Protein chains: 2
Amino acid sequence: MKRVKGPQRAPTETDVAKLAGVSQSAVSRAFTPGASVAKKTRERILEAAKTLGYQTNLMARSLATRRSNIVALAISNLENPFYAQVAKELSERLRDTGRHILLFTTSADGTADPELEKVLSYQVDALILTATIPSHGLTAQCQKNGIPIVQINRESKISGISTVRGENQRAAEQVAEFLIAGGHKKFGLIGGAKGSNTSQIRQEAFVGHLKILGFPSVKIAYGDYSFQGAAAATRQLLDLDNPVDAIFCASDYMAFAALDVVKREFGLRVPEDISIVGVDDVPEASHSAYDLTTYSQPAASLAEEAIKIIDQQIAHPGRRAQRREVRGQLILRGSARLPNHSVFTIAGKKIWQP
Amino acid sequence: MKRVKGPQRAPTETDVAKLAGVSQSAVSRAFTPGASVAKKTRERILEAAKTLGYQTNLMARSLATRRSNIVALAISNLENPFYAQVAKELSERLRDTGRHILLFTTSADGTADPELEKVLSYQVDALILTATIPSHGLTAQCQKNGIPIVQINRESKISGISTVRGENQRAAEQVAEFLIAGGHKKFGLIGGAKGSNTSQIRQEAFVGHLKILGFPSVKIAYGDYSFQGAAAATRQLLDLDNPVDAIFCASDYMAFAALDVVKREFGLRVPEDISIVGVDDVPEASHSAYDLTTYSQPAASLAEEAIKIIDQQIAHPGRRAQRREVRGQLILRGSARLPNHSVFTIAGKKIWQP
DNA sequence: GTGGTTTTTGCATACGCATGCAAGAACTAA
DNA sequence: TTAGTTCTTGCATGCGTATGCAAAAACCAC
């Protein structure tokens with residue numbers, strides 16, 4: 001009795017062909033939808049493939065077809081549940097169309113990661129970035145090779161890059177109005193990274209809108225999108241001579257840190273003493289531990305739109321980059337004081353309709 | 001003036017060779033560490049490559065070398081911050097050795113996902129599973145082709161699969177002792193999925209140890225590792241005629257749900273009325289919102305060990321599967337009553353040393 | 001300068017799959 | 001039955017890189 005030892009090589013189309021008594025090309029066609037194979041032959045081939053345990057070698061296929069069915073996903077903040085959720089949504093949607101994600105965790109937000117340049121080596125079909133800005137070189141290369149780039153949750157001035165984002169401006173403005181309606185007077189904002197334009201847009205809209213409405217002085221600190229950074233930023237805003245009584249955070253994740261500091265270190269009551277509002281509406285925001293009022297930015301829609309853009313760009317390579325905005329809404333919970341007017345409860349959900 | 005239109009094909013080694021005035025093989029060697037190329041030639045080639053923006057085509061390379069430098073990672077619970085963290089750690093460590101992650105988000109815990117079978121098509125060098133059990137077919141195929149499989153945080157009876165896990169048994173026993181020392185008498189446990197052996201081991205150890213110590217009756221409910229599931233399980237344990245006053249949860253993520261329900265729905269004070277203990281010590285556990293007492297299971301170490309195993313298996317294909325246990329410790333925070341003896345504070349950290 | 005040793009280089013081929021082309025098989029209509 | 005169609009099939013080649021082998025070049029010692 002002979003025992004098989006050591007790793008064997010996986011069966012190839014040639015192996016299958018031999019067993020089924022056909023040519024390698026026939027086998028290839030049997031696995032190519034729409035190719036010309038007789039029904040009977042096809043069955044014979046599939047059976048042979050099954051008994052051998054044959055699986056298409058996608059490396060070889062992609063070498064021949066110049067399509068890998070792999071999409072690169074660059075994430076800087078996987079510990080932020082928002083991006084974890086985006087990753088999950090993307091993964092599931094891509095899977096449904098037979099594609100998979102090659103994961104790149106980039107270091108900091110903002111600047112480009114040299115590691116990311118290697119993306120092209122993998123012959124990916126597209127590149128999705130969350131909270132990451134690609135280098136000029138990478139962008140140029142992708143453009144040249146017709147690889148679409150989509151940024152999620154970041155604007156980009158670079159013309160070749162498509163964009164999917166939430167309602168940054170409207171979110172900031174509505175939060176501003178909401179906090180004013182709640183009776184607040186001393187506003188603070190915790191931005192993300194200074195280089196992040198998403199954060200910047202929200203900041204400008206928040207500050208600008210408050211100014212229009214009669215509150216010209218908004219205190220600003222930066223949390224760098226990290227938990228620790230946001231905690232430090234919160235301390236900054238509360239250690240002022242005239243500390244703020246309402247904080248708008250550029251992400252839920254940072255808002256969690258703000259809540260922590262506000263309650264534990266400063267002993268403040270939320271929302272009686274201070275209101276905290278975030279952006280994203282991650283699942284944790286609804287946990288009673290945080291119970292965070294926030295402007296939502298639905299990960300599922302972001303993922304969906306991003307993939308739509310990719311597919312369009314692949315189908316029509318010439319087409320120019322797109323910018324899409326996904327709708328969100330203000331989710332009223334317990335971390336911000338409710339205005340005593342214009343708040344309605346519909347189907348158990350609180351709505352603010354000024 | 002001629003404008004370049006449409007996507008161009010990426011430059012190949014042949015292109016570089018032509019520009020540098022050498023053969024394609026020379027270019028290949030210039031990019032292969034340890035290959036025989038004259039220093040001068042190499043420089044000329046690298047320069048040519050640079051001006052053309054050449055990047056190795058990894059599909060072609062992996063076709064020729066039979067190594068893809070891609071590791072498949074299957075994750076069922078990306079929304080659980082513990083696994084997000086594991087993914088991050090894995091990604092960073094693999095990146096340092098020039099490898100990348102192909103992400104598979106599998107559906108439920110426990111059973112095999114047919115989608116995962118496609119893993120082999122990508123010619124991955126290894127397969128890392130978190131909270132996922134591969135099908136027999138997949139396992140067999142991997143064995144045959146010499147592709148190592150490592151499970152993180154799950155045991156496996158299957159002989160071909162390596163395992164990296166935390167101290168499941170010790171964690172459960174120590175938590176049991178700790179809760180007894182805290183004066184608790186009515187114990188509950190929230191398990192993960194019924195099919196999860198990790199959960200089962202913890203359950204048996206917890207129940208068994210409590211029995212030895214004189215508490216034979218432990219109430220059990222299953223949270224299926226999901227937030228909603230754990231919330232329901234908590235209700236179950238508290239709706240009993242004789243409700244529990246201490247709950248051990250098979251994961252921090254589920255413990256968060258338990259805390260939520262206990263506080264919001266039942267109005268209980270933690271830890272005065274009830275103690276909640278988790279396992280994992282995810283970053284969120286230290287947030288004051290949860291302030292969760294938990295037995296740690298360091299993601300970084302899990303990732304590190306998993307990769308070590310992979311590398312060993314690749315280096316020595318014959319070697320048999322390994323099982324490793326990563327050490328953790330009981331992290332004392334505010335969600336569980338402290339015993340009034342044997343608790344010490346060292347460097348700001350509370351330690352329980354019975 | 002010579003013979004021998006070591007390094008460097010190119011040629012040819014393999015990796016596994018896809019696909020244009022032409023030959024062969026099957027089928028249709030008269 | 002035959003000529004004309006339509007389907008199937010195999011052959012040959014290409015995708016971009018790696019590598020064994022032998023030829024060429026460079027180097028070395030005397």
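Just so you know, these numbers come straight off a predicted model, no measurement behind them. All values below come from the heavy atoms of this structure, side chains included, with hydrogens, waters and symmetry mates left out.
Looking at D125(B), its side chain does come within 3.5 Å of a backbone N or O of S68(B) through a donor-acceptor pair. Judged purely by atom type and a 3.5 angstrom limit, Q85(B) has no side-chain atom pairing as donor or acceptor with the backbone of P298(B). Between the side chain of N77(A) and the backbone N or O of E79(A), no donor-acceptor pair lies under 3.5 Å. Side chain of R99(A) to backbone of I70(A): no donor-acceptor contact under 3.5 angstrom is found.
Close to dT9(C), at under 4.0 Å from its OP1 or OP2, lies no side-chain N or O of S36(B).
The side chain to side chain donor-acceptor pair (under 3.5 Å) contacts involving residues 25-39 of chain B comprise S23(B)-S25(B), where partners must be two or more places apart or lie in separate chains.
dC15(C) atom C1' lies 13 Å from atom CG of D15(A), rounded to whole Å. Rounded to whole angstrom, the span from the NZ atom of K18(B) across to the P atom of dT17(D) amounts to 13 Å. Remark: P of dC15(C) and CZ of R67(B) are 18 Å apart, rounded to the nearest angstrom. Going from atom CZ of R44(A) over to atom P of dT8(D) covers 14 Å, rounded to whole Å.
Among the heavy atoms of the strands, none lies under 4.0 Å from S62(A).
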Q: Start with the C-alpha gap between K40(B) and R42(B), add the side-chain angles, then the distance that decides, and say whether side-chain contact (heavy atoms from CB on, under 4.5 Å) holds.
A: CA-CA 5 Å; K40(B) 233 177 146 178; R42(B) 176 196 205 78; over 6 Å; no
Q: Could you go through the side-chain contact (heavy atoms from CB on, under 4.5 Å) check for L63(A) and N57(B) one step at a time?
A: CA-CA 9 Å; L63(A) 183 60; N57(B) 181 328; 4.2 Å; yes
Q.
Please encode protein proximity along nucleotides 16-21 of chain C as a string of B, S and -, counting only heavy-atom distances under 4.0 Å.
A. BBBBB-
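Under the salt bridge (charged side-chain N to carboxylate O under 4.0 Å, His left out) rule, R324(A) has a single partner from E155(A), E305(A), E304(A), which is E305(A).
Note on the helix from dG1(C)-dC30(D) to dA30(C)-dT1(D): terminal axis deviation equals 20°, with five pairs used at each end and the result rounded to 10°.
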